[in-house]
Structure formats: C-alpha cells, structure tokens
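Data block below; observations after.
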Amino acid sequence: MTKVLTAVAWPYANGPRHIGHVAGFGVPSDVFSRYMRMAGHDVLMVSGTDEHGTPILVAADAAGVTARELADENNRVIVQDLHDLGLSYDLFTRTTTRNHYAVAQEMFRTVQRNGYLVEQTTHGAVSPSTGRTLPDRYIEGTCPICGYDSARGDQCDNCGNQLDPTDLIEPRSKINGETPKFVETQHWFLDLPALAAALKKWLDEREATGLWRPNVIRFSQNILEEIKPRSMTRDIDWGIPVPGWEDQPTKRLYVWFDAVIGYLSASVEWARRLGDADRWREWWDDPEALSYYFMGKDNITFHSQIWPAELLAYNGKGDKGGEPGEYGELNLPTEVVSSEFLTMEGKQFSSSRGVVIYVRDVLARYQPDALRYFISAAGPENQDSNFTWAEFVRRTNDELVAGWGNLLNRTATLIAKNFGEIPEAGEPTAEDRVLLETVEAAFTTVGGLIERHRQKAALAEAMRTVAEVNRYVSDSAPWQLKGDDQRARLGTVLHVMAQAVADCNVLLSPFLPHSANDVDRVLGGVGDVAPMPEIREVEDLDGGPAYPILTGEYSAAPRWERKPVVPGTKVGKPAPVFRKLDPSVVDEELARLQASAS
RNA sequence: GGGGCGGUAGCUCAGUCGGUCAGAGCAGAGGACUCAUAAUCCUCCGGUCGUGGGUUCGAGCCCCACCCGCCCUACCA
C-alpha cells in the first residue's frame with residue numbers, strides 16, 4: 001500500500017467555475033484518486049478555494065461587498081458544484097482558514113530564515129485612492145509602439161508587444177479610471193536563482209522517469225533557463241499578513257505563495273480534524289510517498305517551479321543551505337499532471353464575454369455523469385479539445401445510453417423476466433469463458449492506463465469492453481433460449497451477462513461514480529460501488545468563522561477486481577439509469593450561449 | 001520577438017522503441033435481430049497521414065524549410 005497524495009488545483013473564488021475548470025483538474029483528479037483507492041493505495045486528496053489576490057478584491061468592490069463576503073459566497077457555490085459532480089476529496093477547504101494562515105506563515109518564516117527570501121526595493125503602480133498594488137494587467141493606456149488606445153500594462157493586444165506599464169501613454173486604472181501612481185516599494189523576493197540548481201536536479205530526475213507528459217516537462221525545463229527572483233509579497237490589504245511586517249497591514253503574501261501551500265495546509269487540517277494531528281506526515285515526510293498535482297496548463301509554472309522552489313527552500317536544499325522547519329523535510333511533487341485547455345464551441349472560455357458554461361448550469365439540466373463522461377472521453381488531456389453541445393448530446397446518447405445503459409437494461413430485463421434473480425451458472429461454453437476472460441483482463445489494461453494518466457484511452461478501453469459484452473449478448477441470443485431443455489443454458493448466459501455487467505460497472509466507476517451506484521442497485525445491490533463526498537459545516541479549528549468543507553469516507557470502495565455476482569440476488573424490471581437527451585437541447589443551449597454572449 | 005503544441009477518413013480523434021501503421025468512433029449505404037431508452041450485432045463505403053525537400057533497405061513517426069491553427073512569455077490567478 002502506497003501513500004498517494006492527490007493535490008488538486010485550487011479553484012479561484014472570484015466567481016462560479018465553468019466546465020473548462022473541472023475538465024482540467026476536477027474530473028481527472030477524481031478518476032485517478034478513485035482508481036488508486038480501489039487499487040489498494042492510501043490516497044489523500046486535498047484542495048480548496050483560493051481566495052486571496054487582486055481579482056477577488058476587484059470583484060468584491062464591483063459587487064459592493066467585502067472580499068471576505070464575496071469569497072464566502074463563491075466558496076459555497078464551488079463546494080456545491082464539486083460535491084454534485086461527485087469529486088471525492090478527503091478535504092476540500094479554503095485559503096482563508098486560520099490553519100492555512102499559520103502554515104503559510106511558518107513556510108514563509110522558515111524560507112526566510114534559510115535565506116531564500118531577500119528584501120528588495122522595486123517600483124510598481126498603486127492606486128492613489130486605495131494604496132493597493134495595481135497589477136500590470138489592471139492598467140491600460142495608449143501603446144507607445146502602435147498607438148492602440150487600450151493597451152494593457154503588460155502587453156499590447158493590438159501589436160502584441162510586451163510593455164512595461166510605465167511605457168504607456170496616459171496610463172489609467174482599469175478598475176476605476178484613475179491615474180496610477182508609480183512608487184518605490186519594499187518586497188520579499190524568493191531567490192529562485194539560488195534554488196535553480198536544486199530545481200534542475202529535481203526536474204532532471206523527474207524527466208528520467210519518463211512519466212511526465214512531454215509538454216509539461218519540456219515547458220518546466222524551459223522556464224528554468226530564464227529564472228529570476230520573484231516577489232512573494234504585494235501591496236494589498238487582502239491576504240495573509242507577512243511575518244515580521246505585521247505593522248504594515250497593506251503588505252500581504254502574494255496569493256500564489258500561499259495558494260500552493262494549501263496542499264500542505266489542507267493535509268494538516270485533514271489530520272487535525274481526524275484527531276490525529278501528525279497523520280499528514282505520512283504523505284509529506286516519507287520519501288516513499290507519491291504526490292500527483294492536477295491542474296490546467298496555465299498553472300504549470302507555479303507547480304513545477306514556484307512550489308518546488310518553496311519546498312526546497314523550506315527544506316534548506318538550495319545553494320544557501322539551511323534547515324527544515326517544524327514540518328520536516330517535505331516531499332517535492334512526484335508528477336505534475338497538467339491538462340491543456342477546453343474550448344467552448346471552438347472559442348476560448350471567457351466569463352467576461354459570456355463564452356462560458358458554468359458547472360452548476362450543466363448540473364441543473366443534465367446528469368453529472370454525462371458531463372463526467374464527456375470530459376473523460378473527450379477532455380483536454382494532451383492537447384486542447386473542444387466542447388460542443390452537439391458532441392455532448394451525441395456522446396451521451398450514442399455511447400452512454402445506447403452502449404452502456406442499454407447493455408444494463410437488456411441484461412436486467414432478461415433476468416427479471418426469466419428468473420427474477422441472478423441465476424446459477426451451469427457449465428460454461430468456450431464463448432462464455434472467452435467473454436469473462438476478456439472482461440477480467442480489462443481490469444489490468446484500464447487500471448494501467450489510469451495510473452499513467454491516460455484516462456481517455458482508459459475509458460475507451462472500458463467502453464470497448466462494454467461493446468464486447470453487447471456482442472456476446474447478440475451472439476448468445478438468450479431470448480431464443482425458450483424450452484425447458486434450454487433453461488439451464490439460459491441461466492448460464494444470463495449469469496455470465498450479469499457478471500460481465502457488474503465487472504464493467506467497476507471498471508467504469510472511477511469515471512461514472514453516480515451511475516455506478518445506480519447500476520449496482522439495478523443488479524440487486526445496495527449501491528455502494530462508488531462512495532460519495534459530503535458537505536459538512538464545520539467550525540474553524542482555531543477560532544475563525546465557520547465554513548463548509550467537502551469530505552467523505554471512501555474506504556468502503558470495492559477492490560479493483562472482479563467481485564463474483566451472487567446467484568439468488570433479486571433483480572427486478574430496471575428503470576433507465578441514463579437519461580437520453582433530445583436533440584433539441586443543442587439548439588436550446590446554443591441559443592442560451594448566444595444570449596449570454598451578446 | 002522567444003518558447004511550446006497541433007495539422008491523420010465528411011466530423012471528433014488514436015497511432016508512446018522508424019518495420020501488417022494506414023486505425024477507432026460517429027456520420028453515410030446495406031443486412032441480421034427483437035431482450036433492450038428504435039437500443040444492439042454484422043458487412044461495406046471512406047485518407048497523397050498540412051506542403052516541399054532530406055536521412056534510411058524502410059518515414060504520420062527522425063532532420064531542415066515553409067504554410068495554417070492554438071497556447072505560454074513569469075505583477076491575473
């Protein structure tokens with residue numbers, strides 16, 4: 001049994017999340033975790049909402065609420081979405097807990113003590129009215145190169161040149177239009193160059209495993225070449241106070257410095273809530289433990305450079321040496337599993353332009369497993385992929401309903417009509433044996449593919465197995481086995497079908513957990529194939545405000561192997577598990593999209 | 001500008017060590033069956049693997065150039 005940390009990207013709480021987000025980190029991390037648990041590993045799956053940073057402040061100002069109020073609201077929406085999708089977090093928390101503040105500050109202090117945080121004077125833009133940092137992207141003005149009047153501080157969208165905000169002619173704040181003030185300001189910089197050699201060594205070792213996706217390892221190695229110190233504090237009054245700068249309430253930790261620490265702080269919180277406060281160390285301090293980080297490609301920098309750099313600095317493993325802090329020597333990521341981007345009807349998702357489908361809107365109208373199926377079958381695993389409603393309807397109707405759902409129905413109906421319970425198997429024929437061997441072999445192939453993060457291939461293999469069973473049913477034609485003299489053969493065929501369907505259900509359960517439980521009930525079980533997360537309202541462990549978490553008890557998941565069906569189990573006439581979609585939903589959804597985009 | 005990814009059947013995509021690798025699903029045509037949410041099963045149709053060179057006994061696969069699309073470029077997260 002291996003300790004496996006599934007570290008899932010933290011959804012940013014400036015609004016509800018769209019299906020591109022859950023396609024990138026949510027569903028793949030859950031499929032992986034569910035499978036690894038079934039394969040006998042000790043999985044700890046953690047995440048939470050990321051709630052600091054400028055965009056949340058800006059959104060809160062626009063809504064006339066405080067940043068905390070906005071974060072509270074979006075945290076709830078996101079928790080509900082992830083719950084409804086059936087994502088099996090051991091703990092889904094948030095970055096505004098006191099526990100997280102304490103862990104982030106401990107990391108900062110130790111990294112600082114080890115010498116990897118250096119104070120530097122820099123200049124940046126601030127808003128004169130609020131004193132807050134104005135990030136480059138929040139400044140616009142006239143491009144000095146092409147004269148475009150809405151160039152951003154970091155780049156001109158018209159001519160594509162990279163800019164410095166001080167280059168802009170007549171710069172103005174995108175937030176309130178005022179003229180930014182360029183000031184000198186002190187910040188703590190993470191000394192990445194002092195960690196570059198250690199980072200390179202770690203990346204080279206990771207590359208040598210051959211397991212990382214080519215895009216990810218190449219990109220990670222590439223950005224190492226132009227490594228520079230990077231500021232880990234900001235002029236902002238929303239975020240985690242900077243240790244040693246408590247007297248300066250407008251200086252806070254950079255949101256990314258603390259967000260990645262969430263993986264550690266959530267593990268700590270999980271252990272504390274379990275009443276076994278040091279339990280998290282089994283995933284973090286034991287070099288044998290494995291850790292997999294799931295995210296979209298825009299997060300690679302932070303997971304294959306910033307976070308490992310923080311860990312190396314904390315461990316005292318850079319050029320400047322040092323000693324680990326109270327958390328001990330922490331494990332660096334085993335694998336950064338980044339996905340690419342999902343596009344929406346051929347266009348990039350954009351909340352501001354209305355090119356977006358929110359998770360909750362999909363879940364309000366369609367089954368969660370229909371979305372999970374689409375994402376698993378056609379998601380942006382190794383390259384960008386496109387979501388279209390037509391394809392969503394087709395995948396649901398032709399593959400989920402017509403392929404898998406129909407196999408279940410014909411099996412259950414035949415059993416219900418002829419026996420009312422799963423019959424005993426008689427002497428198997430060669431065909432029976434071949435089918436059962438084929439299905440059983442799929443545990444190895446599908447499992448191996450999931451383990452190597454090739455979920456599209458894994459699901460395709462599972463669905464190919466479903467097709468094999470459908471073929472067996474057609475070839476065996478149990479509906480033609482009518483006389484008393486054929487009753488024993490009929491029983492055997494139906495027994496084999498029941499076994500094969502039960503096996504397929506286990507194979508599909510990491511992808512389709514909700515329906516896996518429904519399928520189990522159709523076959524006379526109690527629906528305990530795929531444990532589900534629950535939302536729980538909890539007190540902050542250290543006296544902060546209460547909040548909802550996502551957690552669950554997943555140890556009851558079945559093993560990743562054949563579980564023999566039990567003859568005599570009652571099977572009644574089935575009700576469909578999967579809902580077929582009317583083709584008209586394509587036009588309805590496209591009209592909806594059109595309306596929101598205009 | 002720099003870096004990266006992709007361009008394979010009408011559509012969506014597999015093809016991980018250069019040697020049955022020219023594939024799957026859908027769409028289209030025909031047939032079988034009737035247990036099943038008109039689902040299922042079988043057969044057929046279908047490609048100059050972006051373009052042009054090169055390496056090799058042999059190239060979707062390796063090298064070079066070019067065309068097209070997308071992404072990243074680190075003070076958005």
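Every chain is numbered from 1, with letters handed out A, B, ... down the list of sequences. Keep in mind that what you see is a predicted model, and the values were worked out from it rather than measured.
Taking atom CD on A:Glu468 and atom P on B:G25, their separation rounds to 11 Å, with Å as the unit. The distance from atom CG of A:Leu414 to atom P of B:U34 is 12 Å, rounded to the nearest whole Å. A:Leu459 places its CG atom 14 Å from the C1' atom of B:A14, with the value rounded to the nearest Å. Straight-line distance from the CZ atom of A:Arg471 to the P atom of B:U43: 8 Å, rounded to whole Å.
In this structure, of B:C13, B:C35, B:C70, it is B:C13 that holds the atom nearest to the side chain of A:Ser385. Of the candidate nucleotides B:G25, B:U12, B:C75, B:C75 has the atom lying nearest to any side-chain atom of A:Arg234. Among B:C41, B:A14, B:C35, the nucleotide with an atom closest to any side-chain atom of A:Gln383 is B:A14. Comparing atom distances between the A:Arg394 side chain and each of B:C26, B:C35, B:C76 picks out B:C26 as nearest. Nearest to the side-chain atoms of A:Asn406 among the listed nucleotides B:C35, B:A27, B:A36 stands B:A36. Listed candidates were B:C35, B:U34, B:C41. Nearest to the side chain of A:Val473 is B:C35. The listed nucleotides are B:A77, B:C13, B:C33; the one nearest the side chain of A:Asn299 is B:A77. Distance from the side chain of A:Arg218 is smallest for B:C5 among the nucleotides B:G15, B:C5, B:C71.
A:Val401 comes within 4.0 angstrom of a nucleotide base, judged by non-hydrogen atoms across all strands. Nucleic acid contact for A:Thr122: base, since at least one base atom lies under 4.0 Å from a heavy atom of the residue. Nucleic acid contact for A:Asp50: sugar-phosphate only, since backbone atoms but no base atoms lie under 4.0 Å from a heavy atom of the residue. Among the heavy atoms of the strands lying under 4.0 Å from A:Gln305 is at least one base atom, whether or not backbone atoms are also near. Using a 4.0 Å heavy-atom cutoff across all strands shown, A:Phe341 reaches sugar-phosphate atoms only and no base atom. Within 4.0 Å (heavy atoms only), A:Trp10 reaches no atom of the nucleic acid at all. At a threshold of 4.0 angstrom between heavy atoms, the contacts of A:Ser231 with the nucleic acid are absent. Among the atoms of the strands shown, base atoms are found under 4.0 Å from some heavy atom of A:Ile227. A:Gly53 comes within contact range of the sugar-phosphate backbone alone, with a heavy-atom separation under 4.0 Å but no base atom that close. Residue contacts shown for A:Thr54 are limited to sugar-phosphate atoms, with no base heavy atom under 4.0 Å away. The residue A:Val466 sits apart from the nucleic acid: no heavy atom pair falls under 4.0 Å. Nucleic acid contact class of A:Pro576 (heavy atoms, under 4.0 Å, all strands): base.
One finds no salt bridge joining A:Glu207 and A:Arg218 here, because no Lys/Arg side-chain nitrogen approaches an Asp/Glu carboxylate oxygen to under 4.0 Å. Of the charged side-chain nitrogens involved, at least one lies within less than 4.0 Å of a carboxylate oxygen, so that A:Asp432 and A:Arg489 count as a salt-bridged pair. Salt-bridge annotation for A:Lys251 and A:Asp237: absent, with no side-chain N of the basic residue lying under 4.0 Å from a carboxylate O of the acidic one.
For the pair A:Phe25 and A:Asn299, the minimum side-chain heavy-atom distance is 4.5 Å or more.
Residue pairs meeting the ring pair (Phe, Tyr, Trp, His ring centres under 6.0 Å) criterion with at least one member in residues 450-477 of chain A, sequence neighbours excluded, are A:Phe32-A:His453, A:Tyr292-A:His453, A:Phe294-A:His453.
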Give the C-alpha distance, both sets of side-chain angles, the deciding distance and a yes or no for ring pair (Phe, Tyr, Trp, His ring centres under 6.0 Å) between A:Trp10 and A:Phe302.
-> CA-CA 12 Å; A:Trp10 290 51; A:Phe302 303 99; over 10 Å; no
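Between A:Phe392 and A:Phe387, the two ring planes are tilted [angle within 30° to 60°].
For B:G15, one of the phosphate oxygens OP1 or OP2 lies less than 4.0 angstrom from a side-chain nitrogen or oxygen of A:Arg454.
Annotated as syn: B:G60, whose glycosidic dihedral is within 90° of 0. A glycosidic torsion no more than 90° from 0 defines the syn conformation; B:C62 lies beyond that range and is anti.
The side-chain hydrogen bond (donor to acceptor under 3.5 Å, both in side chains) check on A:Ser29 picks up nothing, with sequence neighbours excluded.
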Toss me the dot-bracket line for RNA chain B: Watson-Crick and G-U wobble, both under 3.5 Å, 5' to 3', using | for pairs to another strand and [ ] for crossers.
-> (((((((..((((.....[...)))).(((((.......))))).....(((((..]....))))))))))))....
